[in-house]
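Single-structure report; data block below.
Throughout, a chain's letter reflects where its sequence line sits, starting with A, and its residues are numbered from 1.
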Number of protein chains: 2
Amino acid sequence: MSPRKSKTAASPVPRVADEIQQTRPFRSSAQEALLALILTSDRVLARTATELARVADITPQQYNVLRILRGAGPEGLPTLAIADRMIERTPGITRLLDRLERKGWIERERLADDRRQVLCRATKTALKLLAKLDPLMDELDDLPGRELNGAETKQLIALLDRVRAAFA
Amino acid sequence: MSPRKSKTAASPVPRVADEIQQTRPFRSSAQEALLALILTSDRVLARTATELARVADITPQQYNVLRILRGAGPEGLPTLAIADRMIERTPGITRLLDRLERKGWIERERLADDRRQVLCRATKTALKLLAKLDPLMDELDDLPGRELNGAETKQLIALLDRVRAAFA
DNA sequence: GGATTTTACTTGACTAGTCAATCATTGTCG
DNA sequence: CGACAATGATTGACTAGTCAAGTAAAATCC
């Protein structure tokens, strides 16, 4: 992983070295791959955030939580069970849920049979919002499929899996 | 991009679906690829942050800035020129530099001929710290090369470049 | 059955990212 | 030259991530 960043680029598929004000060459292809990985993930997340912000006052994290709660159905999920299904770790989840509650997108209730747990449920407002956002997010999810064919996509997944394993 | 996350896994190279408490299958391979991308980038960054924190009181962003300043040499760089070489955008850079200055790793000076610009330079302390961190970071940079061969690495870079282009 | 441990959160103190607004200094143009 | 626009940097108000510490309610163990 090396520093430095993008600005503009000319070619149809800008390569990593062009995205960066790169003075020296990369020490190795492996290093270039890591930078490509991070730049790409960053770009995908930024695009997602932009699209979500354009149509609703919601961040990707908040959207994630609502999707998880929709998947959980009307019984809802306790706080830490939500955290387990997200990329990041625990303590942030409480404050994230606070914001969602303030916006009227979730309801929380302390469980009667285990008063340590706090059950969270998506509200009807949230479900309506999600339904509105679904087509947009599906479209973004399918963008790689417009650029890569089936075999290439599977190849990419396999390569990423191996890189991830190397960093475990 | 779909929600949900990891916890533990058994197989040698855990696949994306296993990293997640996945109930339903993915809508498409493209969607699975995006999730793999984000999980992998996240893992790489987390590992980097952990290693840096283990040997010095420094974050990846702070390390990035110091590398950029080392590359710029003794003349230093103005604030926004640093921001241009990083992944994120402008306003955060001022506060990041504030922290680096507090730690004695950079010096700032308003330029005489253009008093709008603030020139930043890495201190000797920072350069010594970087020299100490270099082997560690080089090792991390080369991890993908232990898992993938040359052709696979180039393939990965090419695929990532195309995905990134799709999200431009 | 009362102390101890574990579980499920919660809070506080940081670092860092975003956007909008602001400020001083320069540049430009009529 | 003087109004006005552009540039470089900074600040304020948020969202969010991390770690360490704390609280309250189970669960477990003599």
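- Distances shown here put every side-chain N or O of Gln62(A) at or beyond 4.0 Å from the OP1 or OP2 atom of dT15(D).
- Summarising the geometry, the separation between CG on Asp84(A) and P on dC9(C) is reported as 10 Å, rounded to the nearest angstrom.
- Although no hydrogens or angles enter the test, the distance criterion places no donor-acceptor pair under 3.5 Å between the side chain of Lys154(A) and the main chain of Ala33(B).
- Under the 4.5 Å side-chain criterion, counting only non-hydrogen atoms from C-beta, Val65(A) is not in contact with Arg85(A).
- Put simply, Arg99(B) has a side-chain N or O that comes within less than 4.0 Å of OP1 or OP2 on dA16(C).
- Side-chain N or O atoms of Asp142(A) include none that pairs as donor or acceptor with a backbone N or O of Gly145(A) at under 3.5 Å.
- Per the geometry, CD1 belonging to Ile106(A) stands 14 Å off C1' belonging to dC9(C), to the nearest Å.
- Following rounding to the nearest Å, Leu77(A) (CG) and dC9(C) (P) show an atom-to-atom distance of 10 Å.
- The shortest side-chain heavy-atom distance between Leu66(A) and Ile106(A) falls under the 4.5 Å cut-off.
- Separating the CG atom of Leu45(B) from the C1' atom of dG17(D) is a distance of 12 Å, rounded to the nearest angstrom.
- Rounded to whole Å, the distance from CG on Leu52(B) to P on dC19(D) is 14 Å.
- Counting heavy atoms from C-beta on, the side chains of Gln62(B) and Arg99(B) come closer than 4.5 Å.
- In this structure, Asp57(A) reaches neither bases nor backbone, as no heavy-atom distance under 4.0 Å exists between it and the strands shown.
- Between Leu96(A) atom CG and dT18(D) atom P there is a gap of 12 Å when expressed in whole angstrom units.
- For Asp42(A) and dG17(D), the CG to C1' distance is 15 Å, given to the nearest whole Å.
- Glu152(B) places a side-chain N or O within donor-acceptor distance of the main-chain N or O of Asn149(B), the cut-off being under 3.5 Å.
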With the sugar-phosphate defined as primed atoms, P, OP1 and OP2, and the base as all remaining atoms, what B/S/- string results for nucleotides 1-10 of chain D, 5' to 3', for protein heavy atoms under 4.0 Å?
-----BBSSB
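- Rounding to whole angstrom units, CD1 of residue Ile82(A) and P of dT10(C) are separated by 10 Å.
- When each of Arg95(A) and Thr50(A) is assigned the nucleotide of DNA chain C with its nearest heavy atom, Arg95(A) is the one assigned upstream, toward the 5' end.
- Judged by distance alone, with hydrogens and angles left aside, the side-chain atoms of Thr40(A) form a donor-acceptor pair with the main-chain N or O of Ala36(A) at under 3.5 Å.
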